[in-house]
Every structure is written in structure tokens, then in C-alpha cells.
**Student:** 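This is the structure, below, for whatever I ask next.
In this chain, residues are counted from 1 in sequence order.
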Amino acid sequence: MRHTGIPIALAALSTAVLAACGGSSEPAHPPAADTGRAQAIAHNMLSAYNTGDYQALSRDWAGPVRFVIRERTFQRFRDKNLPVTGRFTRLISVAPAPGQQDTDHVSYQVRARFERLDSALFTMTLSADNAQVEGVEFHPQG
């Protein structure tokens with residue numbers, strides 16, 4: 001995807017949110033957030049991308065993520081990228097991200113298919129205790 005300015009900006013902001021949240025680097029215990037929950041959250045977020053529904057997009061987000069990725073930011077991202085990607089069509093995979101787990105967070109690599117993009121990748125980090133999204137990082141080269 002050539003339009004990477006907004007995703008990179010969102011990734012930088014999301015990374016700042018995660019850094020502010022802290023967290024231990026010890027090995028993770030089995031988290032409350034599981035792959036099924038992560039898959040449901042990712043599907044909801046991508047479906048909201050299709051419709052432009054910020055409330056649906058952000059329903060599972062922790063407060064700091066909502067503060068960083070506000071509705072206007074989402075709408076600009078969507079307006080710029082939807083013509084390039086087309087609509088989200090299906091999840092390809094949702095799997096724990098290797099080496100990105102700790103006692104407070106669990107990260108998942110999400111791969112999705114769009115009408116005009118065979119595969120897009122983003123990493124979604126959930127709090128281990130309540131499975132709220134605490135970070136989203138888009139990878140421009142899915």
C-alpha cells in the first residue's frame with residue numbers, strides 16, 4: 001500500500017501509548033485475552049473500517065488509545081486508504097505475535113484481505129487482564 005503516512009503516524013502514536021502504559025518484560029502467564037477474543041475484536045474493527053463507524057471501531061479500546069486515535073484521525077485514515085484497499089472482506093489469520101508478550105499485554109498479528117489488497121498486516125496489543133486494545137500498529141507492507 002503506497003499511502004503509508006497516516007498508518008505510520010498511527011503506529012507511532014500507538015507505540016507511544018504502549019510505552020506510556022509500561023509493562024513487565026517477564027514471560028506472560030496465560031492472558032484473559034485469548035486468540036478468539038482477539039479475532040472478534042479485529043473483525044469488529046475491520047468491519048467498522050468498512051462502514052466508517054468510529055463508535056464500533058473503538059468499542060474495545062482502552063481510554064489512551066481513544067485519546068490518540070480520535071474519530072477525525074480515523075475518518076482521515078479511512079478516506080485516504082479505502083479507495084486504495086477497498087472494503088475489508090475477511091480475516092486471514094490472527095495469531096500471537098512472537099516475542100511481544102509480557103505479564104500485562106498480549107500482542108496479536110492480524111492479517112486481513114481487502115477488495116484491492118490481498119493481504120494487510122497490523123499488530124494489535126490487548127491488556128492481559130481485560131482484553132482492551134492498548135495499541136494498534138499498522139504495517140504498510142502486509
**Student:** Taking all non-hydrogen atoms of both residues, which atom of N44 and which atom of A56 are closest, and how far apart?
**Tutor:**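 It is ND2-O, 2.6 Å.
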**Student:** Looking at L126 and Y108, what are the two nearest heavy atoms and their distance?
**Tutor:**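 Residues L126 and Y108, closest heavy atoms: CD1-CE1, 3.8 Å.
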**Student:** Using only atom types and a distance under 3.5 Å, with no angle test, would you say the side chain of R113 pairs donor to acceptor with the backbone of I92?
**Tutor:**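 No; zero donor-acceptor contacts below 3.5 Å.
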**Student:** Is it the case that the side chain of E115 and the backbone of R87 share a donor-acceptor pair, with hydrogens and angles ignored and the cut-off at 3.5 Å?
**Tutor:**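 Between the backbone of R87 and the side chain of E115 there is a qualifying donor-acceptor contact (under 3.5 Å).
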**Student:** Nearest 0.5 Å, what's the CD-CG distance between Q75 and L57?
**Tutor:**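 CG of L57 is found 9.0 Å from CD of Q75.
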**Student:** Ignoring hydrogens and angles, tell me if any N or O in the side chain of S127 forms a donor-acceptor pair with the backbone of Q132 under 3.5 Å.
**Tutor:**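 Flag set: sc S127 to bb Q132 pair under 3.5 Å.
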**Student:** Show the nearest heavy-atom pair for residues Q109 and A97, with the distance to one decimal.
**Tutor:**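 Looking at all heavy atoms of both residues, the shortest contact is CG-CB, 3.8 Å.
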**Student:** Atom OG1 of T123 and atom CZ of R111: how far apart are they, to the nearest 0.5 Å?
**Tutor:**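 The OG1 atom of T123 sits 9.5 Å away from the CZ atom of R111.
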**Student:** So do the side chains of L46 and L91 get within less than 4.5 Å of each other, counting heavy atoms only?
**Tutor:**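 L46 reaches L91 side chain to side chain.
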**Student:** Please answer whether the main-chain N or O of A95 pairs with a side-chain N or O of T35 as donor and acceptor at a distance below 3.5 Å.
**Tutor:**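 Pair absent, no side-chain N/O of T35 close to backbone of A95.
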**Student:** Measure up the Y54 and F74 rings against each other and bin them: parallel (under 30°), tilted (30 to 60°), perpendicular (over 60°).
**Tutor:**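 Geometry flag for F74 against Y54: tilted rings.
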**Student:** State, yes or no, whether a side-chain contact exists between S58 and M45 at a heavy-atom distance under 4.5 Å.
**Tutor:**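 Counting from C-beta outward, S58 and M45 never come under 4.5 Å.
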**Student:** Taking all heavy atoms of W61 and all of V133, pick out the closest pair and write down the distance.
**Tutor:**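 Looking at all heavy atoms of both residues, the closest pair is CD1-CB, 3.5 Å.
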**Student:** Given F138 and F122, is the ring-ring contact (aromatic ring centres under 6.0 Å, His included) satisfied, shown in steps?
**Tutor:** CA-CA 4 Å; F138 295 92; F122 69 94; 5.6 Å; yes
**Student:** Using modelled atom types and a 3.5 Å cut-off, is there a donor and acceptor pairing between side-chain atoms of R66 and backbone atoms of G63?
**Tutor:**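 Checked: no pair found.
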**Student:** Hey, does the side chain of D60 reach the backbone of A131 with a donor-acceptor pair shorter than 3.5 angstrom?
**Tutor:**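 No, because the side chain of D60 does not come within donor-acceptor range (under 3.5 Å) of the backbone of A131.
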**Student:** Any donor-acceptor pair under 3.5 Å linking the side chain of Y49 with the backbone of L82?
**Tutor:**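 A pair under 3.5 Å: yes.
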**Student:** Look at the side chain of N50 and the backbone N and O of F88, then say whether any donor-acceptor pair between them is shorter than 3.5 Å.
**Tutor:**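 Here the side-chain-to-backbone pair exists.
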**Student:** Is R72 atom CZ crowded by more than 12 heavy atoms from other residues, nucleotides or ligands, each under 6.0 Å away?
**Tutor:**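 No - once you tally the heavy atoms of other residues, nucleotides and ligands closer than 6.0 Å, there are 12 at most.
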**Student:** Under 4.5 Å between any side-chain heavy atoms of V110 and M124, yes or no?
**Tutor:**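 Yes, close enough: below the 4.5 Å cut-off.
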